[in-house]
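So the structure is just underneath, and the comments pick up after that.
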Amino acid sequence: MFRGHSNRSLDPKGRLMIPPEFRKAAASLGSDGALMLTNFDGCVVGYPLPEWERIEESFNRINVLDKRLRNFQRFFISGAMEVSLDKQGRILIPPHLRSYAGLDKEVVVAGVGKKFEIWNQDVFEAKRREMEEAFDEDMAELADKGFELHL
């Protein structure tokens with residue numbers, strides 16, 4: 001599992017040093033250094049290759065008559081690029097993904113379970129503030145919808 005977050009810097013070529021604990025998590029999921037990156041929710045999302053293959057398989061079951069599902073599939077899958085960790089533990093984030101997420105120099109790599117996200121640092125901090133401000137309301141709404149969280 002990918003957990004926690006780490007502040008990182010992109011080098012001038014758009015390479016990102018993946019945190020060691022994230023490299024270890026990817027290896028434990030059988031990725032052999034291969035990761036899939038795609039655009040989603042304003043950030044770049046990274047998946048170990050086996051997890052990505054599971055996601056692609058789920059798209060084979062969508063109702064292609066639903067235009068919204070087709071559009072989402074087109075956006076999500078067409079944005080995806082396979083990348084490999086180099087010997088220094090870096091990945092090259094393709095230009096179209098850097099542009100989509102507004103990644104320039106300072107980024108945050110955030111673990112989110114079976115995936116990780118790469119955020120523009122300012123956007124990530126703004127999202128955290130938004131979440132903190134709405135926390136009680138959001139938790140109440142989730143509870144009303146039947147979500148249970150046992151801490």
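For the single chain, residues carry numbers from 1 onward in sequence order.
- Enclosure of atom CZ in R3 is not indicated, since only 12 or fewer non-hydrogen atoms of other residues, nucleotides or ligands lie within 6.0 angstrom.
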Validation: residues 56-66 side-chain donor-acceptor distances under 3.5 Å, sequence neighbours left out:
from: E56; atom 1: OE2; to: W52; atom 2: NE1; distance (Å): 3.0
from: E57; atom 1: OE1; to: N60; atom 2: ND2; distance (Å): 3.3
from: S58; atom 1: OG; to: I55; atom 2: O; distance (Å): 2.5
from: N63; atom 1: OD1; to: L65; atom 2: N; distance (Å): 2.9
from: D66; atom 1: OD1; to: R68; atom 2: N; distance (Å): 2.9
from: D66; atom 1: OD1; to: L69; atom 2: N; distance (Å): 3.4

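- With rounding to the nearest 0.5 Å, the separation of SG in C43 from NZ in K127 is 9.0 Å.
- The number of heavy atoms from other shown groups lying within 6.0 Å of CD (E82) is above 12.
- In this structure, F40 and F72 have perpendicular ring planes: the angle between them is above 60°, well past the 30° mark.
- Counting all heavy atoms, side chain and backbone alike, L35 lies closest to A26 at CD2-CB, 4.0 Å.
- Between L142 atom CG and L149 atom CG the span is 9.5 Å, to the nearest 0.5 Å.
- The CD atom of E21 lies 14.5 Å from the CE atom of M1; values are rounded to the nearest 0.5 Å.
- Under the 4.5 Å side-chain contact rule for hydrophobic residues, I93 and V45 do not share a cluster.
- Salt-bridge annotation for R129 and E133: absent, with no side-chain N of the basic residue lying under 4.0 Å from a carboxylate O of the acidic one.
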Assess the residue pair H5 and W119 against the criterion (side-chain contact (heavy atoms from CB on, under 4.5 Å)); give the C-alpha distance rounded to whole Å, side-chain angles, the decisive distance to 0.1 Å, and a yes or no. CA-CA 10 Å; H5 70 280; W119 287 91; over 6 Å; no

Check step by step if side-chain contact (heavy atoms from CB on, under 4.5 Å) holds for R98 and I118. CA-CA 9 Å; R98 291 195 312 264; I118 306 165; over 6 Å; no

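- Side chain of S78 to backbone of R74: a donor-acceptor contact under 3.5 angstrom is found.
- The cluster map of Ile, Leu, Val, Met, Phe, Trp and Tyr, joined by side-chain heavy atoms under 4.5 Å apart, puts F116 and F124 in different clusters.
- In the hydrophobic clustering of ILVMFWY residues, with side-chain heavy atoms under 4.5 Å counting as a link, V44 and V108 come out apart.
- Shown here for L37 and P94, the closest heavy-atom pair between the two residues is CD1-CD, 4.1 Å.
- Residues L85 and V83 are members of one and the same hydrophobic cluster, defined by side-chain heavy-atom contacts under 4.5 angstrom among Ile, Leu, Val, Met, Phe, Trp and Tyr.
- Taking a 6.0 Å sphere around NZ of K24, one finds it holds 12 or fewer heavy atoms contributed by other residues, nucleotides or ligands.
- By the side chain to side chain contact (heavy atoms under 4.5 Å, CB included) test, E53 pairs with L49, sequence neighbours left out.
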Please determine whether side-chain contact (heavy atoms from CB on, under 4.5 Å) holds for the pair M81 and M36, giving the CA-CA distance in whole Å, both sets of side-chain angles, and the decisive distance to 0.1 Å. CA-CA 6 Å; M81 294 289 294; M36 289 299 293; 5.8 Å; no

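- Between F22 and F2, the ring planes are perpendicular. Angles over 60° get that label, and only those under 30° would be called parallel.
- The distance from the CE atom of M139 to the CZ atom of F147 is 6.5 Å, given to the nearest 0.5 Å.
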Output a table of donor-acceptor pairs, distance under 3.5 Å, between side-chain atoms of residues 8-17 and any protein atom two or more places apart or on a different chain; print 'none' if there are none.
from: R8; atom 1: NE; to: S6; atom 2: OG; distance (Å): 2.9
from: R8; atom 1: NH2; to: S6; atom 2: OG; distance (Å): 3.4
from: S9; atom 1: OG; to: E106; atom 2: OE1; distance (Å): 3.1
from: S9; atom 1: OG; to: E106; atom 2: OE2; distance (Å): 3.2
from: D11; atom 1: OD1; to: K13; atom 2: N; distance (Å): 2.9
from: D11; atom 1: OD1; to: G14; atom 2: N; distance (Å): 3.0
from: D11; atom 1: OD1; to: R15; atom 2: N; distance (Å): 2.9
from: D11; atom 1: OD2; to: R15; atom 2: NE; distance (Å): 2.5
from: D11; atom 1: OD2; to: R15; atom 2: NH2; distance (Å): 2.8

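- Of the possible polar contacts, one joining the N39 side chain to the F75 backbone as a donor-acceptor pair under 3.5 Å is found.
- Here K114 contributes atom NZ and L29 contributes atom CG; the two are 8.5 Å apart, rounded to the nearest 0.5 Å.
- A distance-only check finds a donor-acceptor pair linking the side chain of N120 to the backbone of G102 [under 3.5 Å].
- Y47 and V107 are assigned to two separate hydrophobic clusters, defined by single-linkage of ILVMFWY side chains at heavy-atom distances under 4.5 Å.
- Annotation: D32, atom CG; neighbour count of heavy atoms from other residues, nucleotides and ligands within 6.0 Å does not exceed 12.
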